Amino acid sequence: MEPGELDPSEHALREAVLAGSETAWRALYEANFDALYAFVWHRAGRQTHRADEVVQETWLVAVRRIADFDPSHAPFEAWLKGIAANVLRNHLRRWKRDSRTSSLDSAQVSQTDGLSDAGERMALALTGLPARYQAVLRAKYEEKLTVNEIGQRLGSTAKAVESMLSRAREALRRAYDKLQTEE
């Protein structure tokens, strides 16, 4: 299957899950767990306990909202990562708040926290962007896809992708700057 191509079996799995099939859930879980964990682990400062917490909450949200998943719009993995991005944004805020109220001095926080202020702001800024901007930025900078490949995935032209990337980078820059000035 080509990148960005929709998997027809996800339609069947979704229907089976909605009908109560534990086997279908297990198939979705096993097929997507590693990609979800890698996605979260990197954004959680490569801290296993934080990644575990976010991944667990992501699956709980997915279980509650499985009826909202529409395989004709996006693959299950993309839908799951969208949930994870929202869960992660909430956790990043809490982690930041907790690190500010901690009685540890700044040297101890930087050694034990694992998320630099700049990295934390960038992760918060990214997760605050519209989903289409997040998707195009991740495709370009994390997946290292060309604008042509991204265009194929999105069913768009390379020129349209370049334009969206430009707008997404500007939105990310503004969101990052706003977070920086809030401190």
Side-chain angles (χ1 to χ4, degrees), residues 1-95 114-115 119 122-156 158 160-161 164-165 168 172:
M1 194 164 65
E2 294 295 315
E5 188 177 325
L6 299 179
D7 184 353
S9 68
E10 288 190 348
H11 285 281
L13 284 172
R14 178 187 178 270
E15 294 306 314
V17 165
L18 291 174
S21 171
E22 197 174 308
T23 304
W25 257 125
R26 193 172 306 112
L28 284 172
Y29 179 85
E30 290 173 2
N32 294 282
F33 181 84
D34 290 341
L36 174 66
Y37 196 88
F39 175 84
V40 170
W41 184 75
H42 177 71
R43 288 160 184 79
R46 296 179 173 94
Q47 291 192 4
T48 303
H49 68 283
R50 287 182 170 181
D52 290 348
E53 187 178 349
V54 171
V55 167
Q56 180 180 10
E57 188 173 332
T58 299
W59 281 108
L60 290 172
V61 171
V63 167
R64 287 192 307 266
R65 293 186 42 213
I66 188 64
D68 297 338
F69 168 57
D70 184 353
S72 64
H73 287 140
F76 184 76
E77 181 182 323
W79 181 74
L80 201 56
K81 286 178 178 179
I83 292 171
N86 289 327
V87 170
L88 187 60
R89 181 176 47 243
N90 293 334
H91 280 266
L92 285 168
R93 286 184 188 129
R94 192 189 83 223
W95 296 332
L115 289 176
M122 185 57 73
L124 275 171
L126 181 63
T127 58
L129 296 179
R132 68 185 187 284
Y133 285 176
Q134 289 183 43
V136 76
L137 288 169
R138 288 188 175 117
K140 177 69 175 166
Y141 298 107
E142 290 178 5
E143 298 177 49
K144 307 287 191 222
L145 298 178
T146 66
V147 291
N148 288 330
E149 292 169 328
I150 298 168
Q152 288 175 346
R153 177 182 284 183
L154 299 176
S156 187
V161 170
M164 187 184 298
L165 273 168
L172 181 60

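Worth saying up front: this structure is predicted, and the values here are computed from it rather than measured.
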(request) Flag yes if more than 12 heavy atoms outside Glu15 fall under 6.0 Å of its CD atom; otherwise flag no. (result) yes

(message) When you compare the side chain of Lys81 with that of Arg138, does any pair of heavy atoms fall below 4.5 Å?
(response) no

(message) Check the orientation of Trp25 and Trp59. Use parallel for under 30°, tilted for 30 to 60°, and perpendicular for over 60°.
(response) perpendicular

(message) Salt bridge check, Glu149 against Arg153: does any charged N sit closer than 4.0 Å to a carboxylate O?
(response) no

(request) Any chance you could measure Met164, atom CE, to Leu137, atom CG, to the nearest 0.5 Å? (result) 10.0 Å

(message) Set out, in order, the CA-CA distance, both residues' side-chain angles and the distance that settles side chain to side chain contact (heavy atoms under 4.5 Å, CB included) for Ile66 and Trp79, then state yes or no.
(response) CA-CA 10 Å; Ile66 188 64; Trp79 181 74; 4.3 Å; yes

(message) Quick check: closest heavy atoms across Ala44 and Ala51, and the distance to 0.1 Å?
(response) CB-N, 3.9 Å

(message) Tell me whether Arg43 contacts the main-chain N or O of Phe39 through its side chain, where contact means a donor paired with an acceptor under 3.5 Å.
(response) yes

(message) Rounded at 0.5 Å granularity, tell me how far CG in Leu80 sits from CG in Leu28.
(response) 9.0 Å

(request) Quick one: pull up OG1 in Thr58 and CZ in Phe33 and give me the separation to the nearest 0.5 Å. (result) 10.5 Å

(message) Given 3.5 Å as the limit, does a donor-acceptor pair link the side chain of Glu10 with the main chain of Phe76, or not?
(response) yes

(request) Return yes if some donor-acceptor pair links the side-chain N/O of Arg14 with the main-chain N/O of Ala67 below 3.5 Å, else return no. (result) yes

(request) Starting at CG of Asp34, measure out to CD of Glu77 and round the result to the nearest 0.5 Å. (result) 10.0 Å

(request) Assess Arg65 against Phe69: is NZ or CZ under 6.0 Å from the centre of the six-membered ring, and within 45 degrees of the ring's axis? (result) no

(message) Are Trp41 and Val54 packed together at the side-chain level, in the sense that at least one heavy-atom pair is separated by less than 4.5 angstrom?
(response) no

